[in-house]
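One structure below.
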Amino acid sequence: MPLRHSISHDLRSVTKSVVSTLTAIALQQGILDGVDRPVIDFFSDKHILNVDENKKAMTVQSCWI
């Protein structure tokens with residue numbers, strides 16, 4: 001099926017592939033020190049609304065599983 005603006009396409013698997021590839025590159029280049037790091041740590045300079053235990057527990061790895 002050709003890509004058309006009028007047709008909705010499911011891109012979830014593509015997104016996971018891109019994110020996991022970029023994560024692997026960041027690990028290999030030492031930009032990211034591990035996948036067990038909480039995502040919220042990357043936004044320490046931002047004000048995050050409604051911080052709860054789920055947001056605190058979200059790690060880099062849990063975002064792309």
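Residues take their numbers from the sequence shown, with the count starting at 1.
Under the 4.5 Å side-chain heavy-atom criterion for Ile, Leu, Val, Met, Phe, Trp and Tyr, Phe43 and Ile40 are members of the same hydrophobic cluster.
Taking both residues in full, the closest heavy atoms of Lys55 and Leu49 are given as NZ-O, 2.8 Å, listed atom of the first, atom of the second, then distance. Summarising the geometry of Val35 relative to Leu27, their closest heavy-atom pair is CG1-CD1, 3.8 Å, with the distance given to 0.1 Å. Summarising the geometry of Val51 relative to Lys56, their closest heavy-atom pair is CG1-CE, 3.7 Å, with the distance given to 0.1 Å.
Gln61 pairs in a side-chain contact (heavy atoms from CB on, under 4.5 Å) with only one of the listed residues (Asp36, Val39, Thr23), which is Asp36.
Side-chain contact between Val60 and Leu32 is present, with at least one heavy-atom pair separated by less than 4.5 Å.
Summarising the geometry, atom CD1 belonging to Ile31 is positioned 4.5 Å from atom CD belonging to Gln29; distances are rounded to the nearest 0.5 Å.
Here the side chain of Ser62 pairs no donor or acceptor atom with the backbone of Met58 at under 3.5 angstrom.
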